[in-house]
Structure formats: C-alpha cells, structure tokens
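First up is the structure itself, then whatever we jot down about it.
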Protein chains: 2
Amino acid sequence: MVTNNEMDQVFSALAHETRRTILDCLKHHPGLKVGELAHHFDVSRIAVMNHLAVLEGAGLVTSMREGRTRRLYMNLAPIQMIHDRWSDEYSGYWAGRMTSIKYAAEAAARKKEKGT
Amino acid sequence: MVTNNEMDQVFSALAHETRRTILDCLKHHPGLKVGELAHHFDVSRIAVMNHLAVLEGAGLVTSMREGRTRRLYMNLAPIQMIHDRWSDEYSGYWAGRMTSIKYAAEAAARKKEKGT
DNA sequence: TAATCATGTAATTACATGGTTACTAATAAT
DNA sequence: ATTATTAGTAACCATGTAATTACATGATTA
C-alpha cells in the first residue's frame with residue numbers, strides 16, 4: 001500500500017528542479033558522495049543536503065556510510081509504486097499520446113498569446 | 001516539450017491530498033460546479049478554489065463558464081506527458097513490480113522499528 | 001428592480017520551504 | 001598529535017503556502 005502521506009512526500013520531493021537534477025546525477029553516477037554531488041550545483045552544500053534529506057524522506061535516495069563519507073543512490077521504487085497504483089485507478093482516463101501532444105501545442109499557444 | 005517549470009507546477013499540484021481528491025471527484029463527476037465540488041470537503045469554499053487555481057495552473061483541471069457557474073473537468077494530459085518523457089529517460093532503471101513491493105515491505109518495517 | 005445565489009477578490013494569519021553563514025563532529029592524512 | 005577534509009547541526013531570514021473571514025461582482029428569479 002502507498003499512503004497519502006507518502007504520496008505527498010514523493011510528489012513534493014519531485015516538485016523542485018534541483019531535486020530532480022539530483023536524481024538525474026545519481027542515475028548517471030551511482031555511489032556519488034555528498035560533497036561530489038554538491039559540486040554539480042550553484043547553491044551551497046547545505047542547500048544540497050537539505051534537498052537530499054527531502055529525497056531520502058520520500059525514499060527516492062538511499063545511502064551507505066563509508067568512513068567519513070556517504071555514498072548516495074537513486075531509488076525509483078516509490079515512484080514505481082505510485083505509478084502502478086495510478087495506472088490501475090485511472091486506466092481508461094489516460095489520453096492517447098497524440099491527444100497529449102495536441103494538448104501541449106495548445107498550451108504553448110496559450111502561453112504565447114498571454115505574452116503579447 | 002515539457003519544461004521544468006511545468007513539471008514543478010504539476011508535481012506540487014499533486015503533492016496535496018485535497019488536490020488529488022479533487023481530481024478523483026472530477027474523474028467520477030466530470031462537469032461538477034465549483035460549489036458542488038466544495039461540498040465534498042471540510043475546508044472552506046475559498047480553500048477549495050485556491051486548490052482549483054493550483055490545479056488549473058498545472059493544466060490538470062480545465063473549466064467552461066456556463067452562466068454564473070463554471071463546470072470543471074479533469075485533464076490528465078500533463079501527467080501523461082511527464083510519464084512519457086520519464087519512461088524514456090529512466091527506462092532500464094525501473095525496478096520490476098516485485099522489487100518495488102519488496103521495497104514497500106522494507107519501508108513499512110523501518111517505520112515500525114522507529115515507532116518502538 | 002430587488003433579492004438571491006454562485007463565484008471571485010482582498011487582507012490576514014500561521015506555518016512550511018529554501019536558502020544563507022557560522023559552528024560542531026568525526027574520520028583520514030602528515 | 002595536529003591538521004585538513006568531509007559531513008552534519010543550529011540559528012536565522014525571506015518568501016511561499018494553505019487556510020481563514022469579510023466583502024465585491026455578476027447572473028437568475030421573484
């Protein structure tokens with residue numbers, strides 16, 4: 001089962017570009033250390049650590065101690081679980097790929113109009 | 001294309017139980033009016049309207065004016081687009097369903113331990 | 001036209017988030 | 001043993017979020 005609280009944590013973890021980029025880093029470089037990871041970003045190491053705490057809280061990042069360092073790993077299982085549940089719950093409501101592309105085009109057009 | 005900003009909006013829209021429940025309501029009752037929707041919740045009508053604004057900002061809810069009322073509809077296209085992109089980007093990194101179930105069991109166990 | 005009803009806006013409040021700097025703790029290296 | 005390195009904690013600040021109450025707008029209906 002996946003609780004509402006867990007969903008809150010997973011979705012808000014994903015709702016920040018830096019955190020999504022962290023996941024992407026860990027995808028490409030599994031086992032990265034905290035400091036190494038922090039180098040990839042403009043914000044302070046502390047800010048990155050805060051983001052890590054959010055990701056770990058959501059279960060999206062796991063880590064293993066190794067001396068005075070910590071090795072970090074991405075874990076997509078929580079997303080997978082939400083995905084599995086939603087595929088069932090909303091099966092039949094998903095638009096086809098073409099429909100969603102059409103929606104994207106319309107959204108882009110709307111944004112363009114706003115700009116004038 | 002789906003921009004980082006759009007992803008931020010979609011994920012933070014989904015990161016609140018009330019908003020997820022709103023989507024669920026609109027799934028079951030498409031064309032619901034604002035006031036009718038608000039009745040389903042404990043919080044004030046204004047709070048529900050704020051949540052609606054967030055969902056509309058993310059493109060997850062659309063609406064059509066009809067006299068003095070507004071009819072609301074769920075739109076899953078933004079989620080679909082993110083899903084399509086991630087399936088590509090992270091294909092190969094998804095754990096099998098069994099693995100994610102195993103993860104869930106471990107998470108539950110960890111939580112139980114903490115409680116003692 | 002006046003009364004009513006469905007929405008929407010403004011102002012306010014409490015709390016959460018994302019960031020900073022300064023300091024602490026613990027391991028490794030000289 | 002001292003020093004440097006890596007990670008974590010504390011305190012703080014600005015901004016954003018989620019909720020509230022009170023008021024405003026705008027369409028129906030009596």
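Numbered from 1 within each chain, the chains take letters A, B, ... in sequence-line order. These numbers were taken from a predicted model, which means no experiment stands behind them.
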> Got a salt bridge between E66(B) and R70(B), using NZ or NE/NH1/NH2 to carboxylate O under 4.0 Å?
Replying inline: no

For [X] and [N], what is the distance between atoms [atom1] and [atom2] respectively, to the nearest whole Å?
| X | N | atom1 | atom2 | answer |
| --- | --- | --- | --- | --- |
| R70(B) | dC5(C) | CZ | C1' | 17 Å |
| Q9(A) | dA16(C) | CD | C1' | 14 Å |
| K33(B) | dT28(D) | NZ | C1' | 12 Å |
| L72(B) | dT7(C) | CG | P | 8 Å |
| M49(A) | dA10(D) | CE | C1' | 12 Å |
| N50(B) | dT21(D) | CG | P | 13 Å |
| E36(A) | dA7(D) | CD | P | 8 Å |
| L37(B) | dG8(C) | CG | C1' | 15 Å |

> CZ/F11(A) to CZ/R19(B) distance, rounded to the nearest 0.5 angstrom?
Replying inline: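 Separation between the atoms: 11.5 Å.
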
>> Counting the atoms with a prime plus P, OP1 and OP2 as sugar-phosphate, which does S44(B) contact under 4.0 Å by heavy atoms, base, sugar-phosphate, or nothing?
In response: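 It contacts base atoms.
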
>> Which residue in the set T3(A), N4(A), N5(A) passes side chain to side chain donor-acceptor pair (under 3.5 Å) when paired with E17(B)?
In response: N4(A)

> Which of these nucleotides, dT7(C), dT20(D), dG8(D), is closest to any side-chain atom of V43(B)?
Replying inline: dT20(D)

> Nearest to the side chain of H51(A) - dA7(D), dG19(C), dA18(D)?
Replying inline: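 Of all the options, the side chain of H51(A) is nearest to dG19(C).
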
> According to the interplanar angle, ranging from 0 to 90°, do the rings of H83(A) and H83(B) count as parallel (below 30°), tilted (30 to 60°) or perpendicular (above 60°)?
Replying inline: parallel

> Taking DNA chain C as the partner, which of residues 12-19 of chain B come within under 4.0 angstrom of it by heavy atom?
Replying inline: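 Hits under 4.0 Å, by residue number: none.
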
> Does a donor on one side chain sit under 3.5 Å from an acceptor on the other, for N75(B) and Y93(A)?
Replying inline: no

>> If the condition is side chain to side chain contact (heavy atoms under 4.5 Å, CB included), which residues does R68(A) pass it with, not counting sequence neighbours?
In response: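 Partners of R68(A) under the side chain to side chain contact (heavy atoms under 4.5 Å, CB included) test: none.
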
>> Within the 4.0 Å limit for protein heavy atoms, which parts of nucleotides 22-30 of chain C are touched? Write it as a string from 5' to 3', B for base, S for sugar-phosphate only, - for none.
In response: B----BS--

>> Using OP1 and OP2 only, check whether a side-chain N or O of R71(B) sits under 4.0 Å from dA6(C).
In response: no

>> Quick check: closest heavy atoms across A58(A) and Q9(A), and the distance to 0.1 Å?
In response: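 Closest approach of A58(A) to Q9(A), heavy atoms only: CB-O, 3.6 Å.
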
> Hey, is the main chain of E36(A) close enough, under 3.5 Å, to the side chain of H40(A) for a donor-acceptor pair?
Replying inline: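 Present.
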
> Given L60(A), which of V54(A), L23(A), L26(A), I22(A) fulfils the side chain to side chain contact (heavy atoms under 4.5 Å, CB included) condition?
Replying inline: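 Looking at V54(A), L23(A), L26(A), I22(A), the match for L60(A) under the side chain to side chain contact (heavy atoms under 4.5 Å, CB included) is L23(A).
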
